[in-house]
Amino acid sequence: MDIGEAVLALLGGHPLVGSVCLTGSRADGTAHEISDWDFLVTTYDFARLTADLPRAVHPLQPLAQQWDRYSDHACYMLMLPGPAKVDLIFPDRKQAWAPPWEPSAETLVAIDMHFWDWIHWLEQKRRGGKADALAKSLGDMYELMLGPMGAKTPPVSVGEAVESYVALRERLEEHYGVSVPRKLENAVRPVLS
């Protein structure tokens, strides 16, 4: 069973899910080897489904899972072993973007999960030749994550973003006396050129 079939099986039978369908490049046949898996999900009760999503997706064994702070619609992001990025998009739930991340001892792990999810997405755009989307999102990453972590200039490539982030994270780990697990980074790094 591939990822698409697994997600459809898990969520399609969920009592709070109205519908779930594959969309994006995986649906239209334009995907490449690291393209993400995008699903449009409707629900009868968003609040209750939100509370149940971690349990519902547990069989997929996610390395990371969190809500996308910087999406125009509610989007639950998963990073699966492989790695594979899965986005559960709720098209009926519009949202405003959250403020920039505020690094702290309490937020560093969540920032790390978001960074590796985001950088995987950026690598997809780079491989797909989507230079405009890549440039815009690198700028967003600087404004919303890397700048608040202490970066002085925006990255101009995926590699530069990784280099900047890793150095900033190390400095903040030392500053706050915390250690961020490297399991997700170790899964994502091999697919980055």
Side-chain angles (χ1 to χ4, degrees), residues 1-27 34-122 124 137 140-141 143-145 148-149 165 169 172 176 178-188:
M1 181 181 300
D2 71 14
I3 290 171
E5 293 168 335
V7 171
L8 290 170
L10 284 172
L11 293 184
H14 195 288
L16 297 174
V17 171
S19 65
V20 55
C21 67
L22 185 64
T23 189
S25 62
R26 294 278 181 185
I34 67 162
S35 290
D36 55 1
W37 295 82
D38 294 326
F39 296 87
L40 298 178
V41 182
T42 63
T43 176
Y44 305 115
D45 190 330
F46 183 73
R48 285 178 57 209
L49 181 59
T50 295
D52 195 49
L53 272 177
R55 183 204 61 78
V57 301
H58 180 74
L60 298 172
Q61 301 179 325
L63 300 172
Q65 55 189 308
Q66 65 184 173
W67 289 95
D68 190 348
R69 296 163 55 93
Y70 309 122
S71 173
D72 295 331
H73 294 86
C75 176
Y76 197 61
M77 307 184 301
L78 306 170
M79 286 298 296
L80 306 183
K85 177 172 168 48
V86 173
D87 287 335
L88 306 177
I89 303 160
F90 294 82
D92 299 335
R93 304 291 300 196
K94 288 193 171 187
Q95 67 178 20
W97 283 23
W101 277 104
E102 293 184 21
S104 70
E106 293 73 33
T107 61
L108 273 186
V109 170
I111 289 171
D112 192 74
M113 287 190 299
H114 194 168
F115 176 81
W116 295 109
D117 183 290
W118 201 345
I119 209 71
H120 187 277
W121 185 84
L122 286 171
Q124 294 174 63
S137 197
D140 290 341
M141 180 181 272
E143 294 294 329
L144 299 167
M145 181 182 286
M149 291 177 73
Y165 171 75
R169 181 190 59 192
L172 290 170
Y176 292 120
V178 298
S179 180
V180 174
R182 302 299 198 258
K183 187 174 183 179
L184 181 58
E185 175 182 356
N186 291 340
V188 173

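The shortest non-hydrogen separation linking P62 to V57 is CD-O, 3.6 Å. Among all heavy-atom pairs drawn from L40 and T23, the shortest one is CG-CG2, 3.8 Å. When all heavy atoms of S71 and Q95 are compared, the pair lying nearest together is O-NE2, 2.9 Å. In plain terms, the two heavy atoms of L16 and L49 that are nearest each other are CD1-N, 3.6 Å. Taking all atoms of both residues into account, the shortest heavy-atom contact from P91 to I89 is CD-O, 3.1 Å. Contact record, H14 with A56: CD2-CB, 4.0 Å, taken as the closest heavy-atom pair.
Put simply, CD1 on I111 and CZ on R69 are 8.0 Å apart, with the number rounded to the nearest 0.5 Å. A distance of 10.0 Å separates OG1 in T43 from CG in D52, rounded to the nearest 0.5 Å. Taking CE from M145 and CZ from F115, the interatomic distance works out to 7.5 Å, rounded to the nearest 0.5 Å. Here OG of S35 is found 9.0 Å from NE2 of H120. Values are rounded to the nearest 0.5 Å. To the nearest 0.5 angstrom, D36 atom CG is 9.5 Å from M79 atom CE. Interatomic distance, CZ of F39 versus CG of L11, reported as 8.0 Å (0.5 Å rounding).
The main-chain N or O of D112 is never found under 3.5 Å from a side-chain atom of E185 such that the two would form a donor-acceptor pair. Side-chain atoms of Y70 come within 3.5 Å of backbone N or O of P99 as a donor-acceptor pair. The backbone N or O of V180 sits less than 3.5 Å from a side-chain atom of R182, completing a donor-acceptor pair. No side-chain donor-acceptor contact under 3.5 Å links E143 to the backbone of D140.
Ring-plane geometry between W116 and Y165 is classed as perpendicular, the angle between the planes exceeding 60 degrees on a 0 to 90 degree scale with a lower cut at 30.
Annotation: side chain of V86 is in contact with side chain of I3 (closest heavy-atom distance under 4.5 Å). In this structure, M141 and L122 have side chains that are in contact, with non-hydrogen atoms separated by less than 4.5 Å.
Salt-bridge check for R26 with D38: failed, with every basic side-chain N at 4.0 Å or more from each acidic carboxylate O.
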Worksheet item: Between V20 and L10, is a side chain to side chain contact (heavy atoms under 4.5 Å, CB included) present by the stated rule, with each step listed?
Response: CA-CA 10 Å; V20 55; L10 284 172; over 6 Å; no

Practice prompt. Please lay out, stage by stage, how D68 and W121 fare under the test side chain to side chain contact (heavy atoms under 4.5 Å, CB included).
Written response: CA-CA 12 Å; D68 190 348; W121 185 84; over 6 Å; no

Worksheet item: Would H114 and M77 count as a side chain to side chain contact (heavy atoms under 4.5 Å, CB included) if you check the C-alpha gap in whole Å, the side-chain angles of each, and the deciding distance to 0.1 Å?
Response: CA-CA 9 Å; H114 194 168; M77 307 184 301; 4.0 Å; yes

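Taking a 6.0 Å sphere around NE2 of H58, one finds it holds 12 or fewer heavy atoms contributed by other residues, nucleotides or ligands.
Annotation: ring-ring contact (aromatic ring centres under 6.0 Å, His included) contacts of F90 (sequence neighbours excluded): F46, W67.
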